[in-house]
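Order of the sequence lines fixes the chain letters, A, B, ..., with proteins taken first and strands second; residue numbering starts at 1 for each chain.
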2 protein chains.
Amino acid sequence: MNKQVKPTESELEILGILWERGASTVREVHEILEQSKEAGYTTTLKLMQIMHEKGLLKRDASAKTHIYEASVSQERTQQQLLNKMIDTVFNGSATQLVMQALGHHRSSPEELDRIRQYLNEMEKKQS
Amino acid sequence: MNKQVKPTESELEILGILWERGASTVREVHEILEQSKEAGYTTTLKLMQIMHEKGLLKRDASAKTHIYEASVSQERTQQQLLNKMIDTVFNGSATQLVMQALGHHRSSPEELDRIRQYLNEMEKKQS
DNA sequence: CCTGTTCTACGAATATCTTCGTAAACAAAT
DNA sequence: ATTTGTTTACGAAGATATTCGTAGAACAGG
């Protein structure tokens with residue numbers, strides 16, 4: 001089991017963009033980042049270089065303008081962070097986290113139904 | 001709207017202990033911290049002093065041995081961290097987070113029922 | 001070929017977090 | 001009164017994260 005590096009706050013923002021867009025150049029990532037955050041171009045570049053060293057990103061450096069891509073999956077990272085959070089902030093109770101999350105975010109009836117279905121499937125599997 | 005300070009990793013551990021125990025001395029907190037972590041006493045002390053400056057803790061300094069207490073609620077802090085997480089890692093979808101959390105943590109049928117009830121209540125309220 | 005633009009690499013400054021040594025205040029025990 | 005132990009305060013070292021300036025390579029257009 002390759003234990004995964006824990007991304008920092010800024011690194012998570014970049015990962016988020018790459019998960020959504022797929023492989024991208026530094027410029028592209030930077031442009032999106034800029035919309036929500038003050039940052040110089042070389043700052044974004046440096047961050048992505050470091051992430052590459054850490055193994056969080058892969059890159060294709062064959063052309064002059066390198067292309068970066070997330071090398072950790074969104075799901076695995078989500079799980080990693082959820083586990084930590086449940087552990088330190090929610091007294092180890094996933095249920096508590098779930099209810100807290102539902103309570104403060106307007107979910108549409110359709111979404112609620114999806115969750116119900118999900119619950120049912122889980123119950124079947126257990127037995 | 002008092003925007004809340006974001007606790008660091010170590011600060012969260014201390015908050016967790018204070019939420020559980022209620023008002024405590026540095027020594028008491030440190031003793032518990034030690035069980036899961038290598039740390040010197042003055043490290044814990046310093047951390048708690050900083051947290052006090054930041055407004056994360058209140059303290060009663062009337063006696064020689066000060067008594068500390070969390071001054072941010074567990075629920076509010078949970079919400080703050082959840083929001084950030086949903087935003088940066090779950091594409092803004094609380095539903096996605098909920099399903100991910102349920103999928104990887106064995107929940108008992110009783111817990112699943114509680115969640116179902118919760119879902120129903122929410123749906124009523126929306127109207 | 002020259003010029004201006006875009007890109008990477010590098011290194012260093014800055015900021016933030018974490019850890020701990022030391023000293024002074026205080027209290028309890030001898 | 002002196003010693004011993006516990007506590008706070010302070011400051012600084014060490015570790016990690018973030019930001020950016022500068023230089024040089026690569027490229028595009030004239």
Task: Spacing between A:Arg59 atom CZ and C:dC7 atom C1', to the nearest angstrom - done: 12 Å
Open item on the list: If the cut-off is 4.0 Å, is A:Arg27 near the phosphate of C:dC7, judged by side-chain N/O to OP1 or OP2?
Closed with: yes
Open item on the list: So which atom in B:His30 and which in B:Ala39 form the shortest heavy-atom distance, rounded to 0.1 Å?
Closed with: NE2-O, 3.1 Å
TODO: Quick one: label B:Gln49 by what it contacts on the DNA or RNA (base, sugar-phosphate, nothing), any heavy atom closer than 4.0 Å.
DONE: base
Open item on the list: Between B:Asn91 and B:Ser93, is there a side-chain donor-acceptor contact under 3.5 Å, judged purely by atom types and distance?
Closed with: no
- [ ] Would you state whether a donor and an acceptor, one from the side chain of A:Lys64 and one from the base of C:dT6, lie under 3.5 Å apart?
- [x] yes
- [ ] Return the value, rounded to whole Å, for the distance between atom CG of B:Leu47 and atom C1' of D:dT8.
- [x] 15 Å
TODO: Using atom CE of A:Met48 as one end and atom P of C:dC7 as the other, report the distance to the nearest whole Å.
DONE: 12 Å
Task: Length of the line joining B:His30:NE2 and C:dC20:P, which is rounded to integer Å - done: 9 Å
Open item on the list: Please compare B:Lys54 and B:Ala39 by the position of their nearest nucleotide in DNA chain C and report the one closer to 5'.
Closed with: B:Lys54
- [ ] Measure the distance from CD on A:Glu9 to P on D:dA17 and round it to the nearest whole Å.
- [x] 12 Å
Task: For atom CD of A:Glu13 and atom C1' of D:dT18, their distance in whole Å - done: 12 Å
Task: Minimal non-hydrogen separation, A:Leu57 against A:Ala70, with atom names - done: CD2-CA, 3.8 Å
Task: Of A:Gly40 and A:Ala63, the one whose closest DNA chain D nucleotide lies more 5' - done: A:Gly40
Task: Residue met sooner reading DNA chain D from 5', once B:Tyr68 and A:Glu11 are mapped to nucleotides - done: B:Tyr68
- [ ] Go through the N and O atoms of the side chain of A:Lys46 and the base of D:dT18, and report whether any donor-acceptor pair is under 3.5 Å.
- [x] no
Task: Phosphate OP1/OP2 of D:dT6 contacted by B:Thr65 side-chain N/O (<4.0 Å) - done: no
Open item on the list: Base, sugar-phosphate or nothing for A:Thr42? Non-hydrogen atoms, less than 4.0 Å.
Closed with: base
Task: A:Glu75 and A:Ser73: side chain donor to acceptor below 3.5 Å - done: no
Open item on the list: Below the 4.0 Å mark, does C:dC20 have OP1 or OP2 next to a side-chain nitrogen or oxygen of B:Thr43?
Closed with: yes
- [ ] Considering just the side-chain nitrogens and oxygens of B:Thr8, establish if one lies under 4.0 Å of OP1 or OP2 belonging to C:dC17.
- [x] no
Open item on the list: Strictly below 4.0 Å: does A:Tyr41 bring a side-chain N or O up to OP1 or OP2 of C:dT8?
Closed with: yes
Task: Whole angstrom value for the distance that separates P of C:dT8 from NE2 of A:His52 - done: 12 Å
Open item on the list: Could you check whether A:Asp113 and A:Gln117, counting side-chain N and O atoms only, form a donor-acceptor pair closer than 3.5 Å?
Closed with: no
- [ ] Measure the distance from CD on B:Glu53 to P on C:dT16 and round it to the nearest whole Å.
- [x] 14 Å
